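Take a look at the structure set out below.
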Amino acid sequence: MSSTDGSGSTFFVTTPIYYVNDVPHVGHAYTTLNADAVARWHRLLGDEVLFLTGTDEHGLKVQRAADEAGLTALDHATATSDRFRSAWEMLNISNDDFIRTTEERHHLAVQALLSKAYDNGYIYADTYEGDYCVSCEAYYVEDDLVDGNCPIHKRPVEHMVEDNYFFKLSAFADQLTEWLEADAHSIRPTGYRNEALGIVRQGLDDVSISRTSISWGIPVPWDTDHVFYVWYDALINYATAAGYGADDADFDKWWPTTHHFLGKDILRFHGVYWPAMLLAAGITDLPELHVHGFLLIGGEKMSKSGGVTAIGPAEMVDEFGVDGFRYAMLRNHSFGPDSDFSYEAIVERFNSDLANTYGNLVSRVATVVGKKCGGIGPAPDPDATLATAARTAYAEAATAWEAVQPSVALDATWRLVREANEYLAENEPWKMEAGPEVDVVMGNALEAIRIATVMATPAMPEATEIAWKRIGMPGLAAEQRLPDAAVWGGYPGGVPVEVGDPIFPRFKPAS
RNA sequence: GGCGACGUAGCUCAGCUGGUAAGAGCGCUCGACUCAUAAUCGAGAGGUCGACAGUUCAAGUCUGUCCGUCGCUACCA
């Protein structure tokens with residue numbers, strides 16, 4: 001199940017598929033960046049990685065938005081889907097696949113998977129009558145309504161009577177409980193696993209999974225008057241991309257190593273409904289979930305309905321650069337709990353960690369090598385004291401990445417960078433005469449930079465390549481293979497070191 | 001109402017199954033250095049670990065109550 005031994009395991013990692021009616025914001029970026037960083041770490045380990053993101057495009061809300069815009073639902077979905085695609089390109093997201101739920105391959109997989117559940121007796125027809133909120137695309141019981149309005153959108157509900165297909169969620173309570181209790185890695189961090197257990201314990205009702213009132217969806221194959229309700233088509237995207245129903249060998253290869261990244265708001269769907277659907281279809285390998293909290297602004301939730309201004313990733317990238325933004329997002333927020341997002345915190349982080357500690361280290365080392373070593377980076381000393389720091393940093397970072405704690409991993413990585421700065425202060429190579437003594441000091445500093453740079457590539461794919469070239473390393477930092485590349489002594493020596501402009505110029509707020 | 005999370009230095013947070021004299025980064029003060037991006041290095045100040053009670057030889061670390069903040073309770077990461 002775990003795939004971090006670096007021996008060519010597979011690793012399938014996903015983000016949620018984002019609803020096309022949304023505009024990409026910092027929250028979407030947060031989930032996606034964490035998944036991306038973990039995907040990149042696994043590539044460093046030599047794992048074969050399949051990293052999936054995409055867009056969720058069915059449902060009445062999309063259809064109505066398209067009507068308003070005077071477009072077909074598909075054209076509208078395409079236009080909005082592209083906003084996510086370009087946002088992820090801008091953020092250097094290394095997804096291997098981008099799925100759209102409107103794609104043929106997805107329709108086939110959904111129909112195949114749910115047909116299987118139907119054949120297995122877990123889907124049945126029934127009539128549903130109730131008050132329906134179009135915005136939610138959900139029924140409400142009277143107790144939930146606020147003055148006859150939808151409690152979320154505060155708009156009138158519509159009374160509807162529908163023949164629906166229902167998923168026998170109630171049949172899976174025991175299996176879900178067993179899975180959650182037996183597998184400590186089923187849902188992490190643990191708090192969210194407990195929440196999922198709580199949901200199951202509170203009792204599971206069967207859920208309606210089809211609609212006759214809309215056509216913008218995936219037809220129910222055994223009754224084409226119906227389309228599947230958007231959530232039940234959406235979740236299946238993960239299976240689609242892994243090859244479900246299309247390529248059994250592919251599916252068998254990827255599915256056992258599935259890791260879903262998601263925010264806590266959709267824990268119910270991913271931690272309860274989705275595993276039950278898989279079980280209903282006879283798939284007993286259940287995914288691992290990595291659940292994170294919300295980014296808060298001034299302690300308040302950031303969302304449309306929360307009324308807090310949503311911030312676009314593009315403006316953050318304009319301010320801090322792609323890698324500055326990526327690093328700050330990963331380093332400032334512990335993966336799991338809610339945490340405060342602030343511009344000031346990013347500025348602090350950028351200046352402290354990137355400009356002062358890492359960027360400045362590269363600059364000062366390059367300059368001294370230029371002056372004392374003729375611009376040629378010397379080889380490190382195999383027994384340098386810094387070697388211990390490097391070993392510790394790698395061990396801690398590797399553990400943290402494995403546990404999906406990027407902030408911890410980067411903290412560990414930066415300890416090595418700080419120790420390199422300390423090492424220089426202790427040895428004062430700029431005071432020495434050119435010769436073997438300086439060479440050893442500078443070789444060690446360069447080696448520390450090399451190792452830290454490899455370890456930082458998941459967070460900063462561009463800047464690390466610049467640093468990699470500066471210190472004269474051939475190839476790409478991202479092409480290195482861990483753990484070997486983190487072993488002390490990999491810096492070859494005898495290669496040219498270039499001074500260049502600061503990689504991260506210190507940030508001065510516009511004000 | 002139900003379920004849950006959180007409350008540790010000015011700020012953001014680490015502190016696993018209880019046991020060396022409570023930690024890190026940032027910020028602040030002082031000092032050093034001058035290779036470097038007004039960067040770096042060192043030293044220091046600063047906390048009765050939300051409150052109360054309990055369990056224990058021993059509690060941020062377990063139990064209970066309370067106070068405070070927040071979230072979820074079908075569809076916004």
Side-chain angles (χ1 to χ4, degrees), chain A residues 15-16 18-19 21-22 24-35 56 59 61 133 135-140 143-144 151-152 191-192 194-195 197-199 201-202 205 207-208 229-232 234 261-269 272-273 291-296 299-306 310 331-334 336-340 342 344-345 348-349 351-357 359-372 405 407-408 411 414-415 418 420-426 428-432 442 445 499 501-508:
Chain A
T15 74
Y18 302 108
Y19 203 57
N21 272 15
D22 293 335
H25 58 71
V26 180
H28 299 117
Y30 180 67
T31 312
T32 308
L33 279 173
N34 275 283
D56 180 11
K61 270 193 286 187
C133 171
S135 294
C136 296
E137 294 186 42
Y139 284 100
Y140 284 97
D143 286 352
D144 293 336
I152 293 173
Y192 294 111
N194 293 336
E195 276 194 35
L197 275 166
I199 291 169
R201 212 177 292 120
Q202 284 183 25
D205 294 329
V207 288
S208 157
Y229 170 47
V230 60
W231 256 109
Y232 300 91
F261 281 65
L262 56 137
K264 65 180 185 179
D265 54 319
I266 50 176
L267 171 63
R268 179 185 212 94
F269 286 94
V272 179
Y273 294 15
V291 184
H292 66 76
F294 287 122
L295 301 180
L296 310 176
E300 304 233 345
K301 184 178 170 184
M302 155 170 32
S303 75
K304 297 173 296 184
S305 47
R331 177 64 187 82
N332 280 0
H333 308 286
S334 174
D338 289 355
S339 83
D340 259 305
S342 83
E344 292 74 17
E348 264 188 28
R349 186 62 72 184
N351 281 340
S352 166
D353 287 13
L354 300 186
N356 298 352
T357 305
N360 184 53
L361 174 67
V362 174
S363 295
R364 66 194 303 213
V365 166
T367 300
V368 177
V369 169
K371 288 182 178 173
K372 303 289 183 181
Q405 293 294 320
S407 64
V408 176
D411 183 44
W414 254 251
R415 274 206 293 282
R418 277 187 239 112
N421 275 318
E422 292 166 25
Y423 173 79
L424 289 175
E426 282 163 18
E428 303 182 307
W430 46 88
K431 286 184 175 173
M432 299 173 178
M442 297 322 292
V499 177
D501 294 329
I503 298 173
F504 293 106
R506 196 175 161 79
F507 186 85
K508 298 175 193 69

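By convention in this document, chain letters (A, B, ...) are assigned in the order of the sequence lines, proteins followed by strands, and residues within each chain are numbered from 1. Please read all numbers here as calculations on a predicted model, not as lab measurements.
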| said: My understanding is that only residues two or more places apart in sequence, or in another chain, count here; which of them pass side chain to side chain contact (heavy atoms under 4.5 Å, CB included) with E348(A)? | reply: none
| field | Nucleotide-resolved protein contact map, nucleotides 29-38 of chain B, B/S/- at heavy-atom distance under 4.0 Å | value | ----SSBBB-
What N/O pairs connect the protein and nucleotides 14-16 of chain B at under 3.5 Å? Give each pair on its own line.
none

| remark: salt bridge (Lys or Arg N to Asp or Glu O under 4.0 Å) filter on D338(A), not counting sequence neighbours, yields K264(A)
| How long is the span from the CD1 atom in I503(A) to the CG atom in N360(A), to the nearest 0.5 Å? | 10.5 Å
| field | Nearest-Å distance once atom P is located in both rC66(B) and rC3(B) | value | 14 Å
| 5' priority, RNA chain B, between R268(A) and G198(A) [closest heavy atom] | G198(A)
| note | Those residues at least two apart in sequence (or on a different chain) that pass ring pair (Phe, Tyr, Trp, His ring centres under 6.0 Å) with Y273(A) are F269(A)
| Residues in side chain to side chain contact (heavy atoms under 4.5 Å, CB included) contact with I266(A), at least two apart in sequence or another chain | P16(A), W231(A), L262(A), H270(A)
| said: Which residues pass the side chain to side chain contact (heavy atoms under 4.5 Å, CB included) test with A29(A), not counting sequence neighbours? | reply: W88(A), L91(A), P313(A), F325(A)
| Among all residues two or more places apart in sequence or in another chain, which pass the ring pair (Phe, Tyr, Trp, His ring centres under 6.0 Å) test with Y423(A)? | none
| note | Residues passing the ring pair (Phe, Tyr, Trp, His ring centres under 6.0 Å) test with W430(A), sequence neighbours excluded, are none
| message | By nearest atom, which of the nucleotides rA77(B), rA74(B), rG4(B) is closest to the T31(A) side chain? | response | rA77(B)
| field | All salt bridge (Lys or Arg N to Asp or Glu O under 4.0 Å) counterparts of R506(A), not counting sequence neighbours | value | none
| Which residues satisfy the ring pair (Phe, Tyr, Trp, His ring centres under 6.0 Å) test with F261(A), sequence neighbours excluded? | H290(A), F335(A)
| request: Just compare rC76(B), rC26(B), rC41(B) and give me whichever is closest to any side-chain atom of E422(A). | output: rC41(B)
| request: Kindly label the base of rG42(B) as syn or anti, based on whether its glycosidic torsion lies within 90° of 0. | output: anti
| said: Identify the stems formed by RNA chain B, where each pair is Watson-Crick or G-U wobble with both distances under 3.5 angstrom and a stem is at least 3 consecutive pairs. | reply: B:1-7 with B:67-73, B:10-13 with B:23-26, B:28-32 with B:40-44, B:50-54 with B:62-66
